[in-house]
Amino acid sequence: MSSGLDRGARSTASGHRLERLVRQVQAQARVPALAVALHRADRPLWTCQVGGTGNDTALGPRSRFRIGSVTKTCTSVLVLQCRDDGLLDLDDPLGRHLGLPAHGELTVRRLLSHTAGLQREPYGDVWDTLRAPQVDELIADLVRVERVLPTGRRYHYSNLGMALLGRLVGALRGGTWAEVLADRVLTPLGLADTSVDPGPQAVTGFLVDAYSDEAHPEPPTDFGAVGPAAQLWSTATDMARWAAFLADPGALDPAGAVLAPATLDEMRWPVTTTDETVWKAGFGLGLILVPYPDRVVHVGHDGAMPGFLAGVYGRRGGDGTAGAMGCAVLASSGTAAEVSELPHRLLAAAAEHDPADIPPWRPGPGAPGSLRGVLGRWWGEGFEYVFSWHEGTLRARGADDPVGRPPAVFAPTPESPDVFRAVAGREVGELLRLTRDADGTVVALHWATYRFTRHQETFDRYDFRA
């Protein structure tokens, strides 16, 4: 077992590696200001700032950057809060809650997952004029907006769709999107440096010239009714905490005041791939999902606005991953493509070079007497499974499953002491029934109606319904 001194030395060495990665990207990608933070439950917050703000303030942990589309993750959490509070159903058409002149048939779920087929931007040349519509104009112009793909056909990113969801949240809560966000997300999670306004410590955003070292300031923009898609300013520290929340909400919000962990599980479930030819990323309900080997997933979002880039991701799964592990990379350049990979590289490096401590195993209570006959090896559909009792729950794994694959976990049901429901893992939601002989010995299992027996048997060997 490593000592505390070993852990400290490991953490210091890892910090040096992370800092070098950050400094390499800042220098090679020519980023005027780069702020990074790494949050994890088992270590102090790690931060790094390189460069200058472009104005008279010093670059530091509270310097604010435009985070662009990372804003969408906040808006999506607000929508799921409304669902959990019974204000909407994810399959409700938008027109059930908002008076819209067109596209009211699009559902909340489709807009969250960018599968509604709605065009990317509001009507007009927003990116030419940098003038975003206000709410009344945005709604009125929906009659001119196209649905560019059939609903549900494929992923098609839409800032307009997220703007409409922000409008929905405000209407259901009786306030503006910004007011609801501050009251129901930013304040409860202690994100005091995140706001719709840049504030006095705002960093200047730049376009860095491709053929010289000149950096051109980009004009400040207010995105009006499109704010729920891209308006927020924040710090790397706040956004690392937000990324940790998206990955491990129970660690930062144990009471579920902002959102229940089960709801974040739902948001993280992949609804679609972002590119059907490469399958390198998926989209859940408002969240980008980036898979890596060994059952590791990074969950979060990227952001881009004139003069700014951001990457905010939490890490789930895999050997060495700590609880509440999140990373934020905020940059004052609109052209540094290397920024998008940096949060993923930092998370992977932290897990590899400063892995989470391995808690020691300790003996615990055994299975109840009525379930001891279930434990051990069973055969079903021609494959062998191992049923066991750990941490107070009945579990099952394929005998040949890789070590990192989560087991099926069963919970008792009120209908019978011999009927359980899978609440995690394989066949989640399905029932497990125990069949006993006259002596009370468990002689068969039926899981999702498939028969499991102690030895390999053909499907017609027994009929346990008698």
Residues L346, L342; criterion side chain to side chain contact (heavy atoms under 4.5 Å, CB included); working and verdict = CA-CA 6 Å; L346 293 170; L342 186 54; 3.8 Å; yes
Candidates V296, V290, V329 - the one meeting side-chain contact (heavy atoms from CB on, under 4.5 Å) with H344 |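 That would be V290; it is the only one of V296, V290, V329 passing the side-chain contact (heavy atoms from CB on, under 4.5 Å) with H344.
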Lys/Arg N to Asp/Glu carboxylate O, [X] vs [Y], below 4.0 Å:
X	Y	value
R83	E266	yes
R173	D85	yes
D265	R268	yes
D89	R109	no
D418	R436	yes

Within the structure provided, determine whether [X] and [Y] are in side-chain contact (heavy-atom separation under 4.5 Å).
X	Y	result
L445	V374	yes
V312	I67	no
Q81	L259	yes
M239	C327	no
P249	V258	no
E430	R421	no
R345	V25	yes
T107	L94	no

About how many Å separate [atom2] of [Y] and [atom1] of [X], when rounded to the nearest 0.5 Å?
X	Y	atom1	atom2	result
L330	S63	CG	OG	10.0 Å
R315	H298	CZ	NE2	4.0 Å
L285	H114	CG	NE2	10.5 Å
L232	M305	CG	CE	10.5 Å
E352	R17	CD	CZ	8.0 Å
L165	L78	CG	CG	10.5 Å

Please name the pair of heavy atoms, one in [X] and one in [Y], separated by the smallest distance, quoted to 0.1 Å.
X	Y	answer
L88	H97	CB-NE2, 3.7 Å
P61	T235	O-CB, 3.6 Å
V339	A331	CG2-CB, 3.7 Å
S234	D238	OG-CB, 3.4 Å
A244	H39	CB-ND1, 3.5 Å
Q456	G382	NE2-O, 4.0 Å

Step by step, work out the side chain to side chain contact (heavy atoms under 4.5 Å, CB included) result for L34 and V22.
-> CA-CA 8 Å; L34 189 60; V22 172; 3.8 Å; yes
Report yes or no: do D302 and S340 form a side-chain donor-acceptor pair below 3.5 Å?
->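 No, no side-chain donor-acceptor contact under 3.5 Å.
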Taking the six-membered ring for Trp, is the centroid-to-centroid distance between W269 and F283 below 6.0 Å?
->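 No; F283 has its ring centre 6.0 Å or more from that of W269.
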Assess whether side chain to side chain donor-acceptor pair (under 3.5 Å) is satisfied between W233 and T194, documenting all intermediate values.
-> CA-CA 6 Å; W233 294 74; T194 303; over 6 Å; no
Is R426 positioned over the aromatic face of W447, cation under 6.0 angstrom from the ring centre and no more than 45 degrees off axis?
->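 So R426 does make the cation-pi contact.
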Heavy-atom neighbours of [X] [atom1] exceed 12 at 6.0 Å:
X	atom1	result
D42	CG	yes
R454	CZ	yes
D400	CG	no
E415	CD	yes
R43	CZ	yes

Given ring-ring contact (aromatic ring centres under 6.0 Å, His included), test F452 with H446 step by step and report yes or no.
-> CA-CA 6 Å; F452 286 70; H446 285 82; 8.6 Å; no
Has [X] got a side-chain atom pairing as donor or acceptor with [Y]'s backbone, closer than 3.5 angstrom?
X	Y	answer
E338	A29	no
R154	T273	no
K72	A229	yes
T393	H390	yes

Stepwise side chain to side chain donor-acceptor pair (under 3.5 Å) check, T453 with W378 = CA-CA 5 Å; T453 55; W378 294 83; over 6 Å; no
Are V419 and L431 close enough, and set up right, to give a side chain to side chain contact (heavy atoms under 4.5 Å, CB included), and what steps lead you there?
-> CA-CA 7 Å; V419 178; L431 292 177; 4.0 Å; yes
Kindly indicate, with the supporting measurements, whether the criterion side chain to side chain contact (heavy atoms under 4.5 Å, CB included) is fulfilled by S69 and N159.
-> CA-CA 8 Å; S69 289; N159 285 316; 4.1 Å; yes
Salt bridge (charged side-chain N to carboxylate O under 4.0 Å, His left out) assessment of R147 paired with E105 = CA-CA 11 Å; R147 195 185 324 169; E105 72 281 2; 2.2 Å; yes
Between D275 and K280, does a salt bridge (charged side-chain N to carboxylate O under 4.0 Å, His left out) hold up when you go through it step by step?
-> CA-CA 7 Å; D275 185 330; K280 286 187 176 180; over 6 Å; no
